[in-house]
Amino acid sequence: MAFHDVRFPDRIAEGAEGGPEFSTSVIVSSGGHEQRQGNWSAGRGRWNVATGLREDNDLAVLIAFFRARAGRLHAFRFKDWSDYQLDRQVIGTTGGGDATWQILRTYISGPTSVTRTITRPVAGTVRCWVNGAERSLGTGSSQFQVNLATGVITLGSALAGTTGQAIEAACEFDVPARFDTDALPLRLTAFQIGEWSDIPVVEIRE
């Protein structure tokens, strides 16, 4: 298996149904009380991209993309149109010397916050701030670099000896995903027009 650094067709993804899912075991007692156990440390996305097929050409595009990924074998980038932007957020603080920082997205609801690791930022969208000052992308000592395959930001040597300075980031990001089927059972309704009831795509852990 491999990760193919290509994005699932945006036009089809835009019409996909889905979002985050979790795995929870629920045991109900005879009196109706429950015990619940979370099986995953974090949620992951699942979508049905069949709902995004709206134009005649979408069929050919999807079949080509599916064949190139060999069904469930190879992963790819997927744009979740409901959640693809990281607004400016703190991702850490300096501790002295050169540093690398993982891009993170924090979701806050009441007293609870959940952190999500962003591994597939979109080229040309990543921004970084150190102690409130924005840095430019580059290899200089006062610039930053970003790995688009891991979501790790590397800061230059100008930070040597500094501590407690906030590191902030913003970007658009894709989800690493794969098809969750090895077959596309097409139902032809007219010449070159087909329908699928379900084409599942699922987020993978990286």
Side-chain angles (χ1 to χ4, degrees), residues 3 7-8 10-29 31-52 75-95 99-135 144 146-153 155 163-180 198-206:
F3 186 92
R7 183 192 272 176
F8 184 87
D10 281 352
R11 187 176 68 228
I12 301 175
E14 188 175 9
E17 285 183 348
E21 69 172 5
F22 293 84
S23 174
T24 307
S25 297
V26 180
I27 300 174
V28 182
S29 71
H33 296 284
E34 292 183 349
Q35 289 186 343
R36 296 179 298 277
Q37 175 67 46
N39 299 321
W40 298 346
S41 60
R44 67 174 185 172
R46 177 179 289 274
W47 303 270
N48 174 18
V49 298
T51 58
F76 49 86
R77 287 175 174 261
F78 183 84
K79 183 174 183 177
D80 177 4
W81 285 84
S82 68
D83 187 6
Y84 68 93
Q85 292 179 304
L86 170 66
D87 294 328
R88 183 175 172 178
Q89 285 190 352
V90 175
I91 61 173
T93 56
T94 59
T100 58
W101 304 96
Q102 178 68 55
I103 299 177
L104 304 170
R105 180 157 171 17
T106 301
Y107 302 83
I108 300 175
S109 177
T112 302
S113 64
V114 178
T115 300
R116 177 185 186 184
T117 301
I118 303 302
T119 59
R120 299 287 169 172
V122 176
T125 70
V126 182
R127 300 172 67 186
C128 179
W129 294 262
V130 178
N131 202 31
E134 185 169 7
R135 292 199 167 195
F144 80 96
V146 60
N147 188 327
L148 299 177
T150 63
V152 172
I153 286 176
L155 298 172
T163 59
Q165 295 188 5
I167 308 299
E168 299 171 282
C171 67
E172 293 185 9
F173 59 91
D174 292 326
V175 179
R178 62 166 174 82
F179 288 104
D180 201 22
D198 185 43
I199 307 172
V201 168
V202 63
E203 181 178 356
I204 63 170
R205 311 284 193 201
E206 288 191 305

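This structure is a prediction, so every number in the text was calculated from the model and none was measured.
Put simply, the side chain of Q102 gets close to the backbone of T150: a donor and an acceptor are under 3.5 Å apart. Checking side-chain atoms of T125 against main-chain N and O of E172 turns up a donor-acceptor pair under 3.5 Å.
Across all their heavy atoms, G151 and P121 have their closest contact at CA-CD, 3.7 Å. Of all heavy-atom pairs between F3 and P176, the closest is CE1-CB, 3.8 Å. The shortest heavy-atom contact between N131 and Q165 is CB-OE1, 3.6 Å. Residue L155 comes nearest to F144 through the heavy atom pair CD2-CB, 3.8 Å, listed as atom of the first residue, atom of the second, then distance. Of all heavy-atom pairs between R105 and Q85, the closest is NE-O, 3.6 Å. In terms of heavy atoms, A169 sits closest to L86 at O-CD2, 3.9 Å.
For E134, the salt bridge (charged side-chain N to carboxylate O under 4.0 Å, His left out) partners at least two apart in sequence or on another chain are R127. In this structure, the side-chain contact (heavy atoms from CB on, under 4.5 Å) partners of A149, at least two apart in sequence or on a different chain, are R120, N147. Considering only residues two or more places apart in sequence or on other chains, R36 meets the side chain to side chain donor-acceptor pair (under 3.5 Å) condition with E34. Taking Y84 as the reference, W81 meet the ring-ring contact (aromatic ring centres under 6.0 Å, His included) condition, with sequence neighbours excluded. Annotation: side chain to side chain donor-acceptor pair (under 3.5 Å) contacts of D80 (sequence neighbours excluded): S82. Under the rule for a ring-ring contact (aromatic ring centres under 6.0 Å, His included), the partners of F179 that lie at least two apart in sequence or sit in another chain are F66, F76. Every residue meeting the salt bridge (charged side-chain N to carboxylate O under 4.0 Å, His left out) condition with R44, not counting sequence neighbours, appears here in chain and number order: E21. For D180, the salt bridge (charged side-chain N to carboxylate O under 4.0 Å, His left out) partners two or more places apart in sequence, or in a different chain, are R46, R178. For F173, there are no ring-ring contact (aromatic ring centres under 6.0 Å, His included) partners at least two apart in sequence or on another chain. Residues satisfying the side chain to side chain donor-acceptor pair (under 3.5 Å) criterion with N39, sequence neighbours excluded, are S23, S25. Partners of T119 according to the side chain to side chain donor-acceptor pair (under 3.5 Å) rule, which considers only residues two or more places apart in sequence or in another chain, are E206. By the salt bridge (charged side-chain N to carboxylate O under 4.0 Å, His left out) test, R116 pairs with D83, E203, sequence neighbours left out.
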Report the C-alpha separation of L104 and T117 in whole Å, then their side-chain angles, then the decisive distance to 0.1 Å, and conclude whether the side chain to side chain contact (heavy atoms under 4.5 Å, CB included) test is met. CA-CA 5 Å; L104 304 170; T117 301; 3.9 Å; yes
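Contact of the I27 side chain with the H33 side chain is not registered, since no non-hydrogen atoms from C-beta on lie closer than 4.5 Å. Here the side chains of D174 and F78 are not in contact, with every heavy-atom distance at 4.5 Å or above. Considering only heavy atoms from C-beta on, Y107 stays 4.5 Å or farther from S113 through its side chain. Counting heavy atoms from C-beta outward, V146 and L148 have side chains that approach closer than 4.5 Å. In this structure, I167 and V130 have side chains that are in contact, with non-hydrogen atoms separated by less than 4.5 Å. For the pair I153/I103, a side-chain contact is recorded, criterion being any heavy-atom separation below 4.5 Å from C-beta on.
A distance of 6.0 Å or more separates the ring centres of F22 and W40.
Atom CG in N48 sits 4.0 Å away from atom CG in D198 (nearest 0.5 Å). Taken from OG1 in T106 to CD1 in I108, the straight-line distance is 6.5 Å, to the nearest 0.5 Å.
Relative to the six-membered ring of W129, R88 meets both conditions, a distance below 6.0 Å and an angle of at most 45° to the axis.
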